[in-house]
Amino acid sequence: MRHDDFDVDELLRYSQDEWLIERKGFSRNRMRMQVQESLFCVGNGYLNIRGSLEELPPGSMPGMYMNGIYDRSEADVEELVKCPVWTDVSFWIDGLKVSPCSCKVMRHTCTLDMRKGILHRYSRLKTPEGKILSITTARMVFMHSVHRGYMRVRVTAENFSGAVKVMSGLNGEMLNRGFFPGEHLKHLHLERIERGRDLMYLEMKTREQQIGISVAAAWRPVGDRKGVSGFAPRIYGEKFTSELTLQADQGRLYAFEKYAVVLTSREADPDRLFRESICELRAFLKKGATSEIGEHIRAWAGRWEQADIVIEGDPPARQALRYNIYQLLINAPPFTGSTGARFLSSEGYLGHIFWDTEIFIFPFYLYNFPKVARNMLMYRYVTLPGALKNAERAGYSGAKYGWESAVTGEDVTPRFASKLERTIRLIYTGREEDHIVSDVIYALERYFRVTGDEHFLFDQGLEMIFQTARFWVSRVDAGEDGYDIRVVIGPDEFHEHVTNNAYTNFLVRWHLNLAAVLYRYFAHRNLPGFERICREISLQPDEVSSWKDISRGLKFKVDEATGLIEQFDGYFMLRELTVTKHDRHGSPLLPPGVTYRTVDRTQLIKQADVLMIFILFPHLFSDDVKLSNYEYYERRTMHKSSLSHCSHAMVGLSVGKRQHAYNYFMKTARFDLENLHGNTHLGIHAAAVGGTWQTVVTGFGGLTLKSDRIELRPWLPKRWTQLSFRVVWRGRIIELAITHKHTDIMVRSDVDGMVACSFWGSCFRFPVNQVYRFSSSPVTCMLKGECDGEVENSTDSASD
Ligand code: BGC
């Protein structure tokens with residue numbers, strides 16, 4: 001072996017147990033296999049590769065998904081394309097493909113090393129003739145160099161000497177799932193296949209947009225080629241396989257490696273895709289695996305240094321939380337682009353982008369990697385023309401972000417779905433679930449608050465805010481006693497075509513007010529750039545007056561006696577039912593006599609709806625109002641969406657329902673690891689992943705970043721002895737360590753200065769780069785290790 005090889009082995013060494021997710025044993029059950037494939041994706045935000053076994057046992061659902069690559073062809077709407085994979089490798093003995101399906105499984109373990117972003121597999125398999133082969137693989141796609149990937153394969157004939165055929169290839173035989181079971185859709189056609197002694201190349205194009213996707217790979221034995229012979233490249237349709245024969249000596253370890261490069265015609269000249277891919281591959285080979293893997297591991301270490309959260313005292317919570325952060329890291333778009341409701345892990349929801357992104361996922365990036373948050377907002381900016389078209393098509397003005405969005409921003413919500421109870425239903429969300437329009441603006445405003453990025457606000461944000469405000473003016477109906485939004489769907493999708501969904505109305509009031517305030521602010525400053533924006537979108541001052549007017553007059557009411565907010569007009573008149581029975585996983589069951597076809601006649605709701613208002617605007621409601629609504633709606637919620645549990649955890653924490661909150665948190669955190677909704681094979685539930693992070697940081701950690709101060713209201717579950725994490729705020733880094741007794745905070749900054757921080761409502765100001773300690777009763781703030789560091793103390797104004 002070369003010296004290099006030892007280095008690679010060293011680099012591939014497993015991290016400590018707390019960083020590993022391990023699954024032992026093999027199940028032939030398709031569903032279980034596919035769930036594991038979703039869970040064990042490796043990725044870098046540019047692409048994700050599912051964790052399928054290299055030899056693709058029957059029932060596996062391999063695939064690579066790439067950010068922004070959608071295609072329609074014969075599908076109802078554009079969908080995320082399943083792209084070719086480069087990870088195929090198989091071993092054959094006496095004409096038999098060695099796999100856990102064809103052999104006796106003596107041992108089989110898959111291990112995801114979250115710290116390094118590497119997926120490992122170990123199998124010890126016995127053929128029907130009694131020959132034992134052990135196979136080890138490790139694969140990764142590089143975090144620092146998103147087009148490149150690497151795989152190392154080791155094999156040992158344990159109890160025999162003889163021929164083992166080794167096949168490795170590129171697999172373009174990828175079909176998306178169709179609407180009906182067993183139906184498949186083809187989105188790619190073969191453009192070019194090339195082979196060399198050690199190199200392979202496959203280029204495919206999406207059928208509609210003609211986006212070229214190239215996969216180039218080098219496959220070779222590691223070290224000397226002793227025992228390896230008969231290289232034979234073979235092309236089977238859209239698959240390329242390179243076959244060689246290994247004359248294996250009993251007990252000897254043979255290693256192979258695969259270098260891979262993925263490019264698309266979006267980054268490379270379409271006519272030079274082949275050349276560029278091969279050049280990139282050669283550059284990668286020249287650089288060598290050791291140095292590339294080393295950089296990859298350093299890139300991961302950097303990501304974790306920022307994003308890791310340590311929960312002491314609760315290993316299951318800590319591990320599940322890390323898994324969710326791992327998912328967020330492998331799905332962070334490295335350039336303008338967003339991420340769908342199932343990330344890049346599978347085809348659930350057709351890879352479309354929903355409000356899940358802005359409300360549930362975005363905060364993680366905003367608090368850790370503001371550039372990624374900006375990439376996601378830029379996606380909404382570049383798709384603004386699509387949003388303008390959506391509004392026009394529906395007969396409105398301005399811009400209407402599509403409920404489901406893909407390449408252009410034009411709404412891609414399918415017309416039909418096979419919904420709960422497997423009935424096929426018309427889908428109205430595309431037409432009616434309009435809160436998405438303001439959800440996007442909400443994320444934009446939070447981005448500005450936390451980062452202070454005026455360039456974005458001015459160059460992109462204002463146009464987005466004004467064009468979407470315009471949409472609402474045309475969308476609301478003026479009545480005698482105010483404005484209504486009719487024929488609408490709120491977050492609770494059990495009730496369609498309703499009037500005045502409280503969540504939507506409250507958000508729209510806020511949105512229109514924001515638009516008016518910003519307009520006035522910039523208009524008074526007479527900025528030439530501002531005039532240009534107004535001219536370009538022909539914005540008139542009287543439009544701005546109507547924003548203010550509608551913001552005040554759009555109906556929204558908190559009942560003074562009960563503190564309740566009616567989810568929509570007439571909701572309280574519906575049949576009053578609450579959840580009384582749960583299944584063995586603790587998920588609510590519909591009461592006898594109610595089905596998903598008739599549930600809309602009852603008060604049962606699919607997911608948090610009114611409660612979402614308190615997550616977005618925690619300061620604008622009293623604790624009593626929050627509590628009344630929590631108690632009322634929680635009992636009526638079926639949690640049929642993965643967005644629901646984390647929402648209840650967050651609101652539960654704010655109203656003192658702490659045990660509830662912990663249980664909801666754990667459900668969210670283990671949502672996919674335990675396949676709670678039975679559909680993780682269709683992908684990771686991205687909103688639950690983002691919601692897990694939010695529950696810890698903003699819920700248990702009680703942290704909110706404002707434009708001028710940090711707010712803290714931490715509370716830890718009994719078994720947690722410490723919660724520590726860091727976030728980024730206006731170019732500074734905030735480090736927090738929270739225990740039951742106190743909270744230590746340090747704001748790291750290159751520039752000296754003071755920061756304002758409120759702790760359970762009391763405000764303090766202290767200098768950067770020193771650790772301060774807050775204690776709760778009575779509330780104090782001191783320089784850590786001293787008793788008199790308290791500076792300026794006042795009471796928090798409940799502003800938002
Ligand atoms: C939920 C929506 C969510 C969508 C995608 C639906 O089941 O009701 O709120 O946006 O799934 O996750």
Side-chain angles (χ1 to χ4, degrees), residues 38 77 79-80 324 327 331 338-362 376 380 401-406 411-414 416-423 425-440 442-443 488-496 498 501-504 507 567-568 587-588 596 599-600 604-613 615-616 633 636-648 650 668 671-672 676-692 694:
S38 295
V77 287
E79 56 186 24
L80 193 65
N324 287 287
Q327 281 296 335
N331 285 286
S338 200
T339 185
R342 296 298 183 99
F343 285 141
L344 293 172
S345 60
S346 189
E347 289 152 46
Y349 283 113
L350 311 178
H352 292 169
I353 295 153
F354 293 68
W355 74 312
D356 307 35
T357 302
E358 277 76 18
I359 300 300
F360 292 86
I361 305 164
F362 180 83
M376 294 167 99
R380 292 296 189 181
Y401 282 111
W403 173 244
E404 297 187 27
S405 181
D411 184 53
V412 286
T413 310
F416 307 97
S418 70
K419 297 275 267 196
L420 301 160
E421 283 185 349
R422 301 179 195 284
T423 53
R425 294 191 36 168
L426 271 175
I427 304 187
Y428 294 98
T429 48
R431 274 185 251 167
E432 298 179 20
E433 199 158 349
D434 290 341
H435 60 84
I436 176 73
V437 175
S438 298
D439 297 322
V440 171
Y442 180 85
V488 72
I489 301 178
D492 159 33
E493 296 175 350
F494 281 175
H495 297 92
E496 298 167 325
V498 303
N501 166 255
Y503 172 80
T504 310
L507 195 55
Q567 189 177 295
F568 52 82
S587 302
Y596 288 108
V599 72
D600 61 341
L604 294 172
I605 61 176
K606 181 178 176 187
Q607 65 200 87
D609 189 312
V610 166
L611 299 191
M612 290 305 301
I613 305 174
I615 295 177
L616 269 51
Y633 286 107
R636 289 161 172 77
T637 306
M638 297 292 299
H639 302 297
K640 283 292 168 202
S641 156
S642 59
L643 283 57
S644 199
H645 308 83
C646 56
S647 310
H648 281 77
M650 286 185 260
T668 306
F671 202 88
D672 288 306
L676 201 71
H677 273 190
N679 58 8
T680 295
H681 62 296
L682 296 179
I684 297 297
H685 294 78
V689 167
T692 299
Q694 276 194 64

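Start at 1 and go down the list; that is how both ligands and their atoms are numbered. Values in this document were obtained by computation on a predicted structure and should not be read as measured data.
- In this structure a side-chain-to-backbone donor-acceptor pair under 3.5 Å is missing from Ser338 to Met376.
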Tabulating one pair per line, provide the atom names and distances (0.1 Å) for every N/O atom of ligand 1 that is less than 3.5 Å from a protein N/O atom.
{"residue": "ligand 1", "atom": "7 (O)", "partner": "Tyr349", "partner atom": "OH", "Å": "2.9"}
{"residue": "ligand 1", "atom": "7 (O)", "partner": "Lys606", "partner atom": "NZ", "Å": "2.8"}
{"residue": "ligand 1", "atom": "8 (O)", "partner": "Glu493", "partner atom": "OE1", "Å": "3.1"}
{"residue": "ligand 1", "atom": "8 (O)", "partner": "Glu493", "partner atom": "OE2", "Å": "3.4"}
{"residue": "ligand 1", "atom": "8 (O)", "partner": "Lys606", "partner atom": "NZ", "Å": "2.9"}
{"residue": "ligand 1", "atom": "8 (O)", "partner": "Gln607", "partner atom": "OE1", "Å": "2.5"}
{"residue": "ligand 1", "atom": "9 (O)", "partner": "Trp355", "partner atom": "NE1", "Å": "3.0"}
{"residue": "ligand 1", "atom": "9 (O)", "partner": "Gln607", "partner atom": "NE2", "Å": "3.0"}
{"residue": "ligand 1", "atom": "10 (O)", "partner": "Trp355", "partner atom": "NE1", "Å": "3.0"}
{"residue": "ligand 1", "atom": "10 (O)", "partner": "Asp356", "partner atom": "OD1", "Å": "2.6"}
{"residue": "ligand 1", "atom": "11 (O)", "partner": "Tyr349", "partner atom": "OH", "Å": "3.0"}
{"residue": "ligand 1", "atom": "12 (O)", "partner": "Asp356", "partner atom": "OD2", "Å": "2.6"}

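- Proximity of a side-chain donor or acceptor of Asn501 to a complementary backbone N or O of Ile489 within less than 3.5 Å is not detected.
- A distance of 7.5 Å separates CG of Asn324 from CG of Asp672, quoted to the nearest 0.5 Å.
- Inspection of the His435 and Thr504 side chains reveals no N or O donor paired with an N or O acceptor under 3.5 Å.
- Side-chain contact between Leu643 and Pro491 is absent, with no heavy-atom pair separated by less than 4.5 Å.
- Remark: side-chain polar atoms of Ser642 are not paired, donor with acceptor, to backbone N or O of Ala688 under 3.5 angstrom.
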